[in-house]
Protein chains: 2
Amino acid sequence: MKLIRIYQCFCDETRLRIINLLIRGPLCVCHIQQIVGESQVNVSRHLSYLKDRGMVEARRHQNWMIYRLPEKRSVELESNLKCLQDCATTESVFKSDLSKLKKVLAAEGVREVLAQSCCRSNSCHSKRC
Amino acid sequence: MKLIRIYQCFCDETRLRIINLLIRGPLCVCHIQQIVGESQVNVSRHLSYLKDRGMVEARRHQNWMIYRLPEKRSVELESNLKCLQDCATTESVFKSDLSKLKKVLAAEGVREVLAQSCCRSNSCHSKRC
DNA sequence: TGATAATATTCCCATTGACGTATATACATT
DNA sequence: AATGTATATACGTCAATGGGAATATTATCA
């Protein structure tokens, strides 16, 4: 992934907040939406932007779309994510996002679904899984 | 300096190249122009953009405007500059820029002028110095 | 099948950004 | 004062971006 593309993904505040969340692990759109407090359309659009540029990957779990950072990352991406993760600790928006993240993940069954590398749950009947 | 502002400065290729050059030390506009091969207006405009956002500082030396990264940098800026410096080594544009930079700095008297924290040379008669 | 939930897409508009051309400013030299 | 060099600004244009409102899509559930 080219360096400039990384920074283009980073250069909007909402996107930066989303990426900072995804560093901690996969998340569903509705959770991201709850945490960053932006409209559904807005969050979805930023996620599309990120997906188009290879910054995130998506899979479906029933009604949820679960986004995550790519597993295989270039050295540059990895360094910059690490750098972002460190730097974000000094700004309140990001800290606040992370504490909201904790609450979201605390909900019943959420962690289990997000942790799956693909959809394998009993409750899922999607043909796509 | 806010994190988002850093990435906004980083998210254009010409600006990223300029910043990568300035990591190595102060430079005059005409040198930057030579190295990145963009028009005078374009380079000047990007430098204005960076200056407006506190990413660079400028001083005049005779006809030259000398730009540099700020001496006092926030932790976030410092980390991201370091990260950029590392990552830039893997992409050819940046490597090529750095080798051009060497040639520019090799020219007679250039290093001396750029190294001055302010204009103190004998040949300078500006009232502003 | 119909209803609902979650997400994506389309249409529209305002803002920003990038860039070319022309012009202005600042300084040095003669 | 006139000229040359280096740099910045103004103006216009076009493309990209961000976001609201409405609608479409995909899956689940009754």
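Numbers restart at 1 for each chain; the letters A, B, ... are given by sequence-line order, proteins then strands.
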Tell me: CD of A/Glu13 to C1' of D/dT17, nearest whole Å?
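Roughly 16 Å, once rounded to whole Å.
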In whole Å, what is the span from the CG atom of B/Leu50 to the C1' atom of D/dA8?
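Between C1' of D/dA8 and CG of B/Leu50: 15 Å.
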For residues 21-46 of chain B, pull every pair meeting salt bridge (Lys or Arg N to Asp or Glu O under 4.0 Å), keeping only residues two or more places apart or in separate chains.
none
Sequence-distant partners of A/Asp97, salt bridge (Lys or Arg N to Asp or Glu O under 4.0 Å), two or more places apart:
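Counting only residues at least two positions away or on another chain, A/Asp97 forms a salt bridge (Lys or Arg N to Asp or Glu O under 4.0 Å) with A/Arg17.
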Any base atoms under 4.0 Å from B/Ser39, or only sugar-phosphate, or nothing? Heavy atoms, all strands.
sugar-phosphate
Across all chains, not counting sequence neighbours, the side chain to side chain contact (heavy atoms under 4.5 Å, CB included) partners of B/Ser39 are B/Val41, B/Asn42
Side chain to side chain contact (heavy atoms under 4.5 Å, CB included) partners for A/Thr89, two or more places apart
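Per chain and number, A/Thr89 pairs via side chain to side chain contact (heavy atoms under 4.5 Å, CB included) with no residue.
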Could you pull out every donor-acceptor pair under 3.5 Å between side chains of residues 50-58 of chain B and any protein atom, sequence neighbours left out?
from	atom 1	to	atom 2	distance (Å)
B/Arg53	NH1	B/Tyr49	O	3.1
B/Glu57	OE1	B/Arg68	NE	3.1
B/Glu57	OE1	B/Arg68	NH2	3.2

Those residues that, when tested against B/Lys82, pass side chain to side chain donor-acceptor pair (under 3.5 Å) (two or more places apart):
B/Asp86
Could you list, one pair per line, each protein nitrogen or oxygen that sits under 3.5 Å from a nitrogen or oxygen of nucleotides 16-18 of chain C, together with the distance?
from	atom 1	to	atom 2	distance (Å)
C/dA18	OP1	B/Asp12	OD1	3.3
C/dA18	OP1	B/Arg15	NH1	3.4
C/dA18	OP1	B/Arg15	NH2	3.1
C/dA18	OP2	B/Arg15	NH1	2.8

Just verifying a value: how many Å separate A/Ile18 CD1 and A/Ile32 CD1, rounded to the nearest 0.5 Å?
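CD1 of A/Ile32 is found 5.5 Å from CD1 of A/Ile18.
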Strictly under 4.0 angstrom, non-hydrogen atoms only: write out the protein contact profile of nucleotides 4-14 of chain C, one letter per nucleotide from the 5' end, B, S or -.
-BSBBBB----
Identify, with sequence neighbours excluded, every residue that meets ring-ring contact (aromatic ring centres under 6.0 Å, His included) alongside A/Phe10.
B/Tyr7
